[in-house]
Amino acid sequence: MEVIEYTPLRPNIKQAMFICACMDPDIDDVGYMGGWGAGKTQALTQVLTDCATQIPGNEIHVYRKVRADVLKTTYKELMLTINPTIVVREDIENAAIVVRTIMPNVYSTISFLGLDQPSRIGGSFASQIFIDEANELRHSDYIALHGRLRHKIKPEVIQFMLANSCEWVVNYIDDEGNEEYDVKRFIAALFNPQEEDHWLFEVFEKERNEHAVLIESSTYDNYDNLPRNYRRIIDNLPAGTKASMAEGKWGAVITGKPVTPAFDRNIHMFDGPFPDRAIKGIVGFDFGFQHPAAGIFELREDRIYKHYELVGSMIHLEPFLDQLEDVIRTQFDEESHFEWWVDHKAATQHSDKSHLTSVQIMHARGLRPKHRFTTPNDRIRLFDTLFRSNRLFIHQRCKKSILCYQGKWHYPETARSSEIMEAPEKQPGDPYHNIGDADGYACGGAVGLDSRKTTKRALQERKILQNKYTAQRGVRNTFRREGTVGNMWARIRSMGGL
């Protein structure tokens, strides 16, 4: 047996758990979720080196969605850490590395592939597959890659590994009690924390089977290996980003400026069963065929607790109301009293093909919804007040609401501020602004929010801002067109000043 020399990784506890999971004969799917700088790539290069050198004649695939990305990251990191004496040939054109193994004159190959080039994938098989940034892939891609775990290892290689007590060979016993030896086959997905509605959460958390494992790692698990100033940057991240990208928790990946930055998972979330007593409840309802949303709240003293959320997709009002009323009937005490709050426009907007307004449909079911004129900005200011004063709390079962307040409901990255001129960003298929509206109607009804008292002031603020921006544009246009300071100031005076 040849001696393979390389400097092994001194793993932290989570990296060691990942390496052990890859070697466990009972594990077929390994998930490694970690924050920024958690050491995922370091652990990956260690396992790649072990699988390649300790399994003679092995074929290993490393995937990302785009092949160019895997070459700039995982491939580059491996070439920086691997012992050059192990590498027999570096095939740059095909992005593959051929390495020596413990068996003389038998080599293994590590190939770096991307799903954007299916011609390079077709007909190729591997014993182990690693997916870097697995969140980039679709669930169907992940399932399909399992079918490529059928690279054949020669019987003489298996016998050589058994004779040398190699840890990467395992014995499988079939239903009839027959033993069969083979190399360890598995698929490993490495990724940053994702939202709880991502398919990775379904695979490795919600529907995880006995042959799958998830390693959750935070930046702080690898803290001693990070530069001092990088640690300071991580420590000063906004709360929502820090929870997911530093602490390694499932949650919202923020792509803009959160509408509710005061929301804190550690403060404004609660757990437990539905209340077993009569409650004073309030239901907020945002209508719409695409993504109707409703929230069921409890008013307790001066605090508001959200117990349940219901978010629909491509559904009419009648069946959606059926679902909501069924929850109220089965989960809450029959002595509970609920107020229903909706948008003030619900009394005029038509629903479905019945030519009835949403409020008329609710009246026909014996519901008496209330509505009061409130502006989006007044509702957003109310959320900020409630979260800052610790008066609004969200149950852990309300997954989408938590994502909404963590940052999925956000302003564009280019937003100057959350003032009246800026509106939260709406993406196709995005239910989060519907959740924010529904909860805003409920909370506004609970505290007596009435935008008629602030509309005049809001319109005045809007007029001032519009005049300011118009004047600034006029200054620039005048300067370009006429090019004189005198004419520029004359135009400003004619507009009433800045």
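A side-chain donor from one of Tyr405 and Asp439 sits under 3.5 Å from a side-chain acceptor of the other. In this structure, a donor-acceptor pair under 3.5 Å is present between the side chains of Arg265 and Gln406. Donor-acceptor pairing under 3.5 Å is lacking for the side chains of Trp250 and Gln194. Remark: the Asn222 side chain and the Asn225 side chain contain an N/O donor-acceptor pair separated by less than 3.5 Å. Between the side chains of Ser401 and Glu309, at least one donor-acceptor pair of N or O atoms lies under 3.5 Å.
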Q: Would you check, one step at a time, whether the test salt bridge (charged side-chain N to carboxylate O under 4.0 Å, His left out) holds for Asp384 with Arg381?
A: CA-CA 5 Å; Asp384 187 67; Arg381 292 187 186 103; over 6 Å; no
Q.
The test is side-chain contact (heavy atoms from CB on, under 4.5 Å); show your working for Trp168 and Val183 and say whether it passes.
A. CA-CA 6 Å; Trp168 290 96; Val183 297; 5.7 Å; no
Q) Run the ring-ring contact (aromatic ring centres under 6.0 Å, His included) check on Phe112 and Tyr75 step by step: do they pass? A) CA-CA 7 Å; Phe112 297 82; Tyr75 179 84; 5.0 Å; yes
**Q.** Worked verdict on Thr49 versus Leu78 for side-chain contact (heavy atoms from CB on, under 4.5 Å)
**A.** CA-CA 9 Å; Thr49 305; Leu78 179 62; 3.9 Å; yes
Q: For ring-ring contact (aromatic ring centres under 6.0 Å, His included), just list the numbers for Tyr142 and Tyr63, CA-CA rounded to whole Å, side-chain angles, deciding distance to a tenth of an Å, and then say yes or no.
A: CA-CA 10 Å; Tyr142 179 75; Tyr63 282 92; over 10 Å; no
Q. Can you check side-chain contact (heavy atoms from CB on, under 4.5 Å) on Asp28 and Ile187, steps first, answer last?
A. CA-CA 6 Å; Asp28 300 327; Ile187 186 166; over 6 Å; no
(Q) I'd like to know whether Met23 forms a side-chain contact (heavy atoms from CB on, under 4.5 Å) with Glu167, so could you lay out the CA-CA distance, the side-chain angles of the two residues, the decisive distance to 0.1 Å, and finally the verdict. (A) CA-CA 8 Å; Met23 301 177 69; Glu167 295 176 317; 3.2 Å; yes
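Proximity of Phe270 to Gln396: side-chain heavy atoms (C-beta onward) are nowhere separated by under 4.5 Å. Inter-residue side-chain proximity for Thr375 and Asp378 is flagged as met; some heavy-atom pair is nearer than 4.5 Å. Taking 4.5 Å as the limit, every side-chain heavy atom of Ser217 sits out of range of all side-chain heavy atoms of Lys40. Taking 4.5 Å as the limit, some side-chain heavy atom of Ile304 sits within range of a side-chain heavy atom of Leu386. Counting heavy atoms from C-beta outward, Tyr411 and Ile380 have side chains that approach closer than 4.5 Å. Taking the side chain as every heavy atom from C-beta outward, Glu205 and Glu216 approach each other to under 4.5 Å. The shortest distance between side-chain heavy atoms of Met269 and His395 does not fall below 4.5 Å. At a threshold of 4.5 Å between non-hydrogen side-chain atoms, the residues Asp29 and Phe186 do not count as touching.
Looking at Arg89, its side chain never comes within 3.5 Å of a backbone N or O of Val99 through a donor-acceptor pair. Between the side chain of Asn12 and the backbone N or O of Lys14 there is at least one donor-acceptor pair closer than 3.5 Å. Judged by distance alone, the side chain of Asn58 and the main-chain N or O of Cys51 form a donor-acceptor pair under 3.5 Å. Looking only at distances, no side-chain donor or acceptor of Thr101 sits under 3.5 Å from a matching main-chain atom of Thr53. Without hydrogens or angle criteria, Arg148 side chain to Ser124 main chain gives a donor-acceptor distance under 3.5 Å. Within the 3.5 Å criterion, the main-chain N or O of Gly35 finds no donor-acceptor partner in the side chain of Ser218. For the pair Gln15 (side chain) and Gly39 (backbone), a donor-acceptor distance under 3.5 Å is present. Judged by distance alone, with hydrogens and angles left aside, the side-chain atoms of Arg100 form no donor-acceptor pair with the main-chain N or O of Val87 at under 3.5 Å. No donor-acceptor pair closer than 3.5 Å links the side chain of Glu180 to the backbone N or O of Asn171. Side-chain atoms of His291 never come within 3.5 Å of backbone atoms of Met314 as a donor-acceptor pair (strictly under, hydrogens ignored).
Residues Phe285 and Phe320 bring their aromatic ring centres within 6.0 Å.
Partner His268 forms a side-chain contact (heavy atoms from CB on, under 4.5 Å) with one of Ile402, Asn390, Leu392 and no other, that one being Asn390.
Atom CG in Asp116 sits 8.5 Å away from atom CZ in Arg67 (nearest 0.5 Å). The distance from the NZ atom of Lys184 to the SG atom of Cys166 is 13.0 Å, given to the nearest 0.5 Å. Going from atom OG1 of Thr74 over to atom NZ of Lys76 covers 12.0 Å, rounded to the nearest 0.5 Å. Rounding to the nearest 0.5 angstrom, the gap separating the CG atom in Leu214 from the CE atom in Met17 is 9.0 Å. Residue Ile110 holds its CD1 atom at 12.0 Å from CG of Leu113, rounded to the nearest 0.5 Å. The OG1 atom of Thr260 sits 12.0 Å away from the CG atom of Leu382 when rounded to the nearest 0.5 Å.
Looking at every heavy atom in both residues, Gly248 comes nearest to Pro193 through CA-CG, 3.6 Å. Annotation for Val213 and Ile27: closest pair CG1-CG2, 3.8 Å, computed over non-hydrogen atoms. Nearest heavy-atom pair, Ile131 versus Leu137, reported as atom, atom and distance to 0.1 Å: CG2-CD2, 3.9 Å. The shortest heavy-atom contact between Pro11 and Ala16 is CB-N, 3.7 Å. Minimum interatomic distance between Lys152 and Arg185 (heavy atoms only, all atoms of both residues): CA-NH2, 4.4 Å. The two residues Ala293 and Ala438 have their closest heavy-atom pair at O-CB, 3.5 Å.
We find that Lys65 and Glu133 are not joined by a salt bridge, their nearest charged nitrogen and carboxylate oxygen being 4.0 Å or further apart. Under the 4.0 Å criterion applied to side-chain N and carboxylate O atoms, Asp235 and Arg232 are not assigned as salt-bridge partners.
Applying the 6.0 Å contact sphere to CG of Leu80 captures more than 12 heavy atoms from other residues, nucleotides or ligands.
Within the cation-pi definition used here (under 6.0 Å to the ring centroid, within 45° of the axis), Arg397 qualifies as a partner of Phe274.
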